[in-house]
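For reference, the structure discussed in these notes is given below.
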Protein chains: 2
Amino acid sequence: MELADAPDPRLCHARHILDRVGDKWSISVIYSLGATTLRFTELRRAIDGISQRMLTSTLRTLERDGLVERTVHPVVPPRVDYRLTKLGLTLSETVCALMNWAVDHSGEIDEARAAYDRRADHQPVSAPAHPR
Amino acid sequence: MELADAPDPRLCHARHILDRVGDKWSISVIYSLGATTLRFTELRRAIDGISQRMLTSTLRTLERDGLVERTVHPVVPPRVDYRLTKLGLTLSETVCALMNWAVDHSGEIDEARAAYDRRADHQPVSAPAHPR
DNA sequence: CAGAATCCAGCCGGATACTG
DNA sequence: CAGTATCCGGCTGGATTCTG
């Protein structure tokens, strides 16, 4: 009986978690928060290119997953603080490692991409879907 | 001059890399390959739920980024082997750490989600976009 | 077996406008 | 300030069919 290349159940289940983590904005939020506390607008400014809609929804999801803690201060004007929970902090370590890897090897990846594109014996990677 | 919460340039640039890595299928592919060599169909079976279209395009992108090496054997029927490059292997360490984190804490996250959904003082996380 | 090509539904996510 | 609500274009990605 061939169990050899059966779907890895660990991998399967983990995918539900990683779908969140893999989200490009979640990574940025977790990385930006780190060990500090930030307000909504501070996060918005810290993460270049994120829309308020995406920031809201990303924060909501992270809060639901128990990774981010949301604190509303009943003052006017409103003030809401976000910070990583204990669980979120453990994840942030791994996320930082990933981020550091990306920074450390971005040069190699850029080179590899350029070299790949220079060679002509391949299909264009961008546009496998709608070449028109 | 307020540099305090300016966009982190490291974060900005890294996002281009992480967009690839953060892709849910890339993580699974890198994780599945690990230190071994797999054929197209073996990968397909190992990664539950992936379509051949997504596997092809994911592998192509990883190859372009210099993370995966593609070896075509001129035999019939065709045989194509995929394995991580040296660069890909360094990434796989971090990816494994992420995967392990997900496995180790999936229980806590599931609990957090359930607890969040049990409380009624929140907006439904799913459907912030098209409630219709 | 390892893909390429095509079709197309669904959701992602940006832009914008409005509230407490 | 910290969101919510709505509109909607575009890309993602699944299903299917067809080759060398």
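Predicted model, so just to flag it, every value in this text is computed and none were measured. For the numbers below, each heavy atom of this structure counts, side chains included, while hydrogens, waters and symmetry mates do not. The chains referred to below are lettered A, B, ... by the order of the sequence lines, with proteins before strands, and numbering in each begins at 1.
- If B/R70 and A/W25 are placed on DNA chain C by their nearest nucleotide, the residue sitting closer to the 5' end is B/R70.
- OP1 or OP2 of D/dC1 has not a single side-chain nitrogen or oxygen of A/Y82 nearer than 4.0 Å.
- Rounded to the nearest 0.5 angstrom, A/I47 CD1 and A/W25 CH2 are separated by 7.5 Å.
- Whole-Å rounding puts the B/I50 CD1 to C/dA2 P distance at 14 Å.
- Applying the salt bridge (Lys or Arg N to Asp or Glu O under 4.0 Å) test to pairs two or more places apart or on separate chains, those with a residue in residues 68-77 of chain B are B/E69-B/R83.
- With rounding to whole Å, B/L55 atom CG is found 8 Å from C/dG3 atom P.
- The nucleotide whose nearest atom lies closest to any side-chain atom of B/R60 is, among C/dG3, D/dG14, C/dC1, C/dG3.
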CA sep, side-chain torsions, deciding dist, call: B/L91, A/L98, side chain to side chain contact (heavy atoms under 4.5 Å, CB included):
CA-CA 8 Å; B/L91 175 57; A/L98 195 61; 4.0 Å; yes
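- Protein atom CE of A/M54 is 16 Å distant from nucleotide atom P of C/dT16, rounded to whole Å.
- Regarding contacts with the backbone of C/dG3, every side-chain N or O of B/T56 stays at 4.0 angstrom or more from both OP1 and OP2.
- Rounded to whole Å, the distance from CG on B/L43 to C1' on C/dC1 is 14 Å.
- In this structure, B/R39 places its CZ atom 9 Å from C1' of C/dA2, rounding to the nearest Å.
- Applying the side-chain contact (heavy atoms from CB on, under 4.5 Å) test to B/R79 and every residue at least two apart in sequence or in another chain returns B/R39, B/H73, B/V75, B/D81.
- Rounded to an integer number of Å, the gap from A/D48 CG to C/dG14 C1' is 14 Å.
- B/L59 places its CG atom 11 Å from the C1' atom of C/dG3, with the value rounded to the nearest Å.
- At the phosphate of C/dA2, neither OP1 nor OP2 sits under 4.0 Å from any side-chain N or O atom of B/R44.
- Atoms CD (B/E63) and C1' (C/dG3) sit 13 Å apart, rounded to a whole Å.
- In this structure, B/C96 and B/E93 have side chains that are not in contact, with every pair of non-hydrogen atoms separated by 4.5 Å or more.
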Using side chain to side chain contact (heavy atoms under 4.5 Å, CB included), reason through A/S92 and A/L33 one step at a time and then give a plain yes or no.
CA-CA 9 Å; A/S92 112; A/L33 279 179; over 6 Å; no
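- With rounding to the nearest 0.5 angstrom, the CZ atom of B/R113 is 9.5 Å from the OG atom of B/S106.
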Identify all pairs in which a protein N or O lies below 3.5 Å from an N or O of nucleotides 15-20 of chain D, and state each distance.
{"residue": "D/dT16", "atom": "O4", "partner": "B/Q52", "partner atom": "NE2", "Å": "3.1"}

